[in-house]
Amino acid sequence: MSAHRNSGAQAAKVFNFKLVLLGESAVGKSSLVVRFVKDQFDDYRESTIGAAFFTQVVPVDDSTSVKFEIWDTAGQERYKSLAPMYYRNAQCAVVVYDITQSASFEKAKTWVKELQRQADPDIVIALVGNKNDLASRRAVTAEECQTYADETGLLFQETSAKTGANVGDLFKAIAKKMPLDSQKQNQRTGRNSSSGPTRPTVDLSGSEAASTGNCAC
Ligand code: GTP
Ligand code: MG
């Protein structure tokens with residue numbers, strides 16, 4: 001999207017990218033983003049209504065950071081028709097499944113296919129097997145998913161929003177895959193600026209959108 005230099009001692013380029021989270025209900029999309037943004041976890045989290053918006057900055061190196069503008073979509077089937085609004089102008093997508101639910105991996109694969117057919121052709125996609133703290137109930141092997149990710153050109157990571165395992169690494173790996181080149185960024189802004197949900201006027205930086213009103217837009 002856009003890059004600007006912060007004022008102050010730590011002058012750094014900050015590149016903004018829209019990121020969408022997709023996946024079946026209850027796989028832990030909201031839990032992952034709350035772990036990433038607030039470093040918190042709730043054993044009882046309400047299912048997302050519509051979508052929720054978050055932002056978080058990831059330093060890539062001493063002089064460059066990525067600011068993710070995150071749309072956490074609702075996984076319940078009744079919200080499925082809203083998803084294209086969120087992925088249409090996204091530069092990165094995190095497709096989540098639950099390692100204890102093989103049906104959720106099948107669903108993740110259908111999201112990947114839909115993204116590859118209908119989203120930006122340059123979209124960076126990460127496949128994420130969440131709840132890897134529940135290893136004793138594992139139904140999907142990491143090897144199977146790594147093979148699928150390699151064949152399909154996806155990043156792959158297993159995470160636990162509960163313990164925090166690999167959550168920071170996941171977003172750092174995505175940040176490193178993004179095109180951090182201002183000329184490309186400007187081109188992207190031109191191509192993507194006309195469609196999809198825009199940022200809310202209320203800045204929800206670092207806070208959980210659900211607590212300030214979900215945006216079912
Ligand atoms: P929707 O909003 O309905 O699409 O669901 P979601 O994908 O956002 O799932 P959510 O984050 O609401 O998590 C669903 C349930 O799984 C909650 O009870 C979480 O506490 C639990 N959960 C999420 N991540 C983990 C994890 O890594 N490990 C374990 N053990 N539980 C998790
Ligand atoms: Mg949710």
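Because the structure is predicted, anything quoted here is derived from the model rather than measured. Heavy-atom basis, side chains included; hydrogens, waters and symmetry copies ignored. Numbering of ligands and ligand atoms starts at 1, following listing order.
- Among the backbone and side-chain atoms of Ser25, no N/O/S atom is found under 2.8 Å from the Mg ion (ligand 2).
- Between Lys29 and Asp72 there is no salt bridge, since no side-chain nitrogen of the basic residue lies less than 4.0 Å from a carboxylate oxygen of the acidic one.
- A donor-acceptor pair is defined here as one N or O able to donate and one able to accept, closer than 3.5 Å; such a pair exists between the side chain of Thr73 and the backbone of Leu21.
- Protein heavy atom nearest atom 20 (O) of ligand 1, with residue, atom name and distance: Asp42 O, 2.8 Å.
- Looking at Asp122 and Gln91, their side chains never come closer than 4.5 Å, going by heavy atoms from C-beta outward.
- Counting only heavy atoms of the protein, atom 18 (O) of ligand 1 lies nearest to Asp43 O, 2.9 Å.
- Geometrically, Lys18 does not engage Phe68 in a cation-pi contact, judged by NZ or CZ lying under 6.0 Å from the ring centre and within 45° of the ring axis.
- Protein heavy atom in closest approach to atom 3 (O) of ligand 1: Ser47 OG, 2.4 Å.
- Checked against a 3.5 angstrom limit, the closest N/O atoms of Lys29 and ligand 1 fall inside it.
- Heavy atoms from both the backbone and the side chain of Thr48 come within less than 4.0 Å of ligand 1.
- Remark: minimum distance from atom 28 (N) of ligand 1 to any protein heavy atom is reached at Asp133 OD1, 2.7 Å.
- In terms of polar-atom proximity, Gln76 is not counted as a contact of ligand 1, lacking any N or O under 3.5 Å from an N or O of the ligand.
- Ranking the protein heavy atoms by distance from atom 5 (O) of ligand 1 puts Ala26 N, 2.9 Å first.
- Put simply, the side chain of Thr147 does not reach to within 4.5 Å of the side chain of Glu144, judged on heavy atoms.
- Taking only nitrogen or oxygen atoms, main chain and side chain alike, Thr159 does not reach within less than 3.5 Å of ligand 1.
- Side-chain contact between Leu180 and Val60 is present, with at least one heavy-atom pair separated by less than 4.5 Å.
- Tyr86 and Trp71 have tilted rings, their planes meeting at an angle from 30° to 60° on a 0 to 90° scale.
- Those atoms of ligand 1 that come under 4.0 Å of a heavy atom in Gly75, given as number and element, are 1 (P), 4 (O).
- Checking only distances, Ala161 does come within under 3.5 Å of ligand 1, N or O to N or O.
- Salt bridge status for Lys172 with Asp169: absent, with no side-chain N to carboxylate O gap under 4.0 Å.
- Using a 4.0 Å cut-off between charged side-chain N and carboxylate O, Lys162 and Asp43 make a salt bridge.
- Looking at Leu32 and Val96, their side chains come closer than 4.5 Å, going by heavy atoms from C-beta outward.
- With a 4.0 Å heavy-atom cut-off, ligand 1 is reached by the side chain of Leu134 but not by its N, CA, C or O.
- Distance from atom 12 (O) of ligand 1 to its nearest protein heavy atom, with residue and atom name: Arg45 CG, 3.4 Å.
- Comparing Ser31, Gly50, Gly164, Gly23 by heavy-atom distance to atom 19 (C) of ligand 1, the nearest is Ser31.
- Summary of contacts: the protein heavy atom closest to atom 16 (O) of ligand 1 is Lys131 NZ, 3.1 Å.
- Each of the following atoms of ligand 1 lies closer than 4.0 Å to a heavy atom of Ala74: 4 (O).
- In summary, Arg138 and Glu158 engage in a salt bridge, as defined by a charged side-chain N under 4.0 Å from a carboxylate O.
- The Mg ion (ligand 2) has no N, O or S atom of Ser31 inside 2.8 Å of it.
- At a 3.5 angstrom cut-off on N or O pairs, Gly28 counts as close to ligand 1.
- A salt bridge links Glu114 to Lys80: at least one charged side-chain nitrogen sits closer than 4.0 Å to a carboxylate oxygen.
- Looking only at heavy atoms of the protein, atom 24 (N) of ligand 1 is closest to Asn130 ND2, 3.1 Å.
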